[in-house]
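The structure appears below as structure tokens.
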There are 2 protein chains.
Amino acid sequence: MAAREDTGEQEDMAAREHRAAEESVVAYGALERRIGYALRRAQIAVFQDFYRAVAAHAISPAQYSVLTIMENNPGLSQTQVADALGIKKTNFVAMIKELEARGLALRTPMPHDRRSFALSLSAAGAALVARLHADSEAHEARIRRAIGEEAYGALFPALRGIVRALRADHGECSEHAGG
Amino acid sequence: MAAREDTGEQEDMAAREHRAAEESVVAYGALERRIGYALRRAQIAVFQDFYRAVAAHAISPAQYSVLTIMENNPGLSQTQVADALGIKKTNFVAMIKELEARGLALRTPMPHDRRSFALSLSAAGAALVARLHADSEAHEARIRRAIGEEAYGALFPALRGIVRALRADHGECSEHAGG
DNA sequence: GTTATATAGTTATTGTCCATAACCAATAAA
DNA sequence: TTTATTGGTTATGGACAATAACTATATAAC
């Protein structure tokens, strides 16, 4: 790519193959009709943009989702928040502990069940999540502008429809989703 | 939030909290308007369905994407295939070697550049990929049926639009996408 | 031709995210 | 009271992504 403009010369096979290979636009074949492939690439691009949008706060999409759930449902237990986001409770432990260590989340022992904690946002956590919402709104707007209002608006029901349909199919096994 | 509808009853706190917590529909707040979150959950659901669809062949979405690129572009080098899929060449090594070990991929030393290999499918690989296409077509049809033809058809341009727009924004840094 | 630079593939290493199994303490059910 | 279940925890492994550093070739510059 870098080098060799086509010289019109009679380059030998090696050179031709080499150059052709480099310039060639690869054919994606069936991959172009695979929703999973399209989803994966879009999801990665969006996450990268999200990271960039909230870079100042060092928050991952997954952490943002946890903070948002705590904001909207204060008092839930770890298992409940984890379930809501499709995260295994075992993997949720480290996450919530880090948020607690950073002074964003509170774990209040539940009075009537000494096994569990009521999760909520600290003042700092609430303040942060407000800024995260603002920042990620901007990131959201960027995407909306990029693909147009209608396409953007149609995306949500379509994606939720996929999740619902496949979950029903699979006997609603796991739920998942990190961010 | 989530929890506790006011039942008016006087069940004791413990019981009420417990039951309410279990039944409660958690509020997702801003997460419902985050395309990244919707994408992530959909992507995970679709990948799970893909795994299920091709379970008999023990092929991951990423492996499927590699096989498909090799099928449509025989003779590409490792770096080229990796680039096409947004995989780092260093992480691609193990992938291609496993496909080779399983007798699905061929790595033919290039005559004119002794550093590189021309990748292609073996007969077995070609046969397998044909079955993978068929199986994943069925999986694709399942999704198409679930959300309707139009929504399904609109999804591809929308997702590609997102990728293109964000890549342009980000100065086209990395590309990514495993499957 | 020799030197310098770039490239293809590789290894080693690290981090992240998701999954399982096993455990303790506390609660609920029998 | 015995038993089963549940909330949280640790330990551990697998898949995928990212970086640095190396080798052997190949190309470019002198």
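Only this structure's heavy atoms are used, side chains among them; waters, hydrogens and symmetry mates stay out. Letters A, B, ... are given to chains in the order of the sequence lines, protein chains preceding strands, and every chain is numbered from 1. Predicted model, so just to flag it, every value in this text is computed and none were measured.
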Atom NZ of A:K88 and atom P of D:dG14: how far apart are they, to the nearest Å?
-> 18 Å
Determine: side-chain N/O of A:Q78 to OP1/OP2 of D:dT9, distance under 4.0 Å, yes or no.
-> yes
Would you mind reading off the distance between A:K89 atom NZ and C:dA25 atom C1', rounded to a whole angstrom?
-> 12 Å
Of all the nucleotides listed (C:dG9, C:dC18, C:dT20), which has the minimum atom distance to the side chain of B:R107?
-> C:dG9
Salt bridge A:R144-A:E137, side-chain N to carboxylate O under 4.0 Å | yes
When the distance from CZ of B:F92 to C1' of D:dA17 is rounded to whole Å, what number comes out?
-> 15 Å
List the steps and the verdict of side chain to side chain donor-acceptor pair (under 3.5 Å) for A:R34 and B:Y64.
-> CA-CA 11 Å; A:R34 292 295 169 266; B:Y64 174 66; 3.1 Å; yes
B:M110 side chain near B:R115 side chain, heavy-atom distance below 4.5 Å | no
Does any N or O donor sit under 3.5 Å from an N or O acceptor when you compare the side chain of A:T79 with the base of D:dT6?
-> no
Which nucleotide, D:dA20, C:dA8, D:dC16, lies nearest any side-chain atom of B:S77?
-> C:dA8
Taking CE from A:M95 and C1' from C:dC17, how many angstroms apart are they, rounded to a whole number?
-> 10 Å
Could you state the atom-to-atom distance from CG of A:D113 to P of D:dG8 in whole Å?
-> 8 Å
Closest nucleotide among C:dT10, D:dT9, C:dC18 to the B:R40 side chain = C:dC18
Student check: side-chain heavy atoms of A:F47 and B:R40 closer than 4.5 Å = yes
Phosphate OP1/OP2 of D:dT10 contacted by A:K97 side-chain N/O (<4.0 Å) = yes
Assess whether one donor atom and one acceptor atom, taken from the side chain of A:S116 and the base of D:dT6, lie less than 3.5 Å apart.
-> no
Spacing of B:L76 atom CG relative to C:dA8 atom P, expressed in whole Å | 12 Å
Go through the N and O atoms of the side chain of B:R115 and the base of C:dT7, and report whether any donor-acceptor pair is under 3.5 Å.
-> yes
Using atom NE2 of A:H112 as one end and atom P of C:dT27 as the other, report the distance to the nearest whole Å.
-> 11 Å
Quick note, B:T90 side chain, CB onward, closest among C:dT20, C:dT11, D:dC16 is C:dT11
Expressed in angstrom and rounded to an integer, what is the separation of B:R114 atom CZ from D:dT27 atom P?
-> 11 Å
Would you check if the side chain of B:D49 reaches a backbone N or O of B:A45 as a donor-acceptor pair within less than 3.5 Å?
-> no
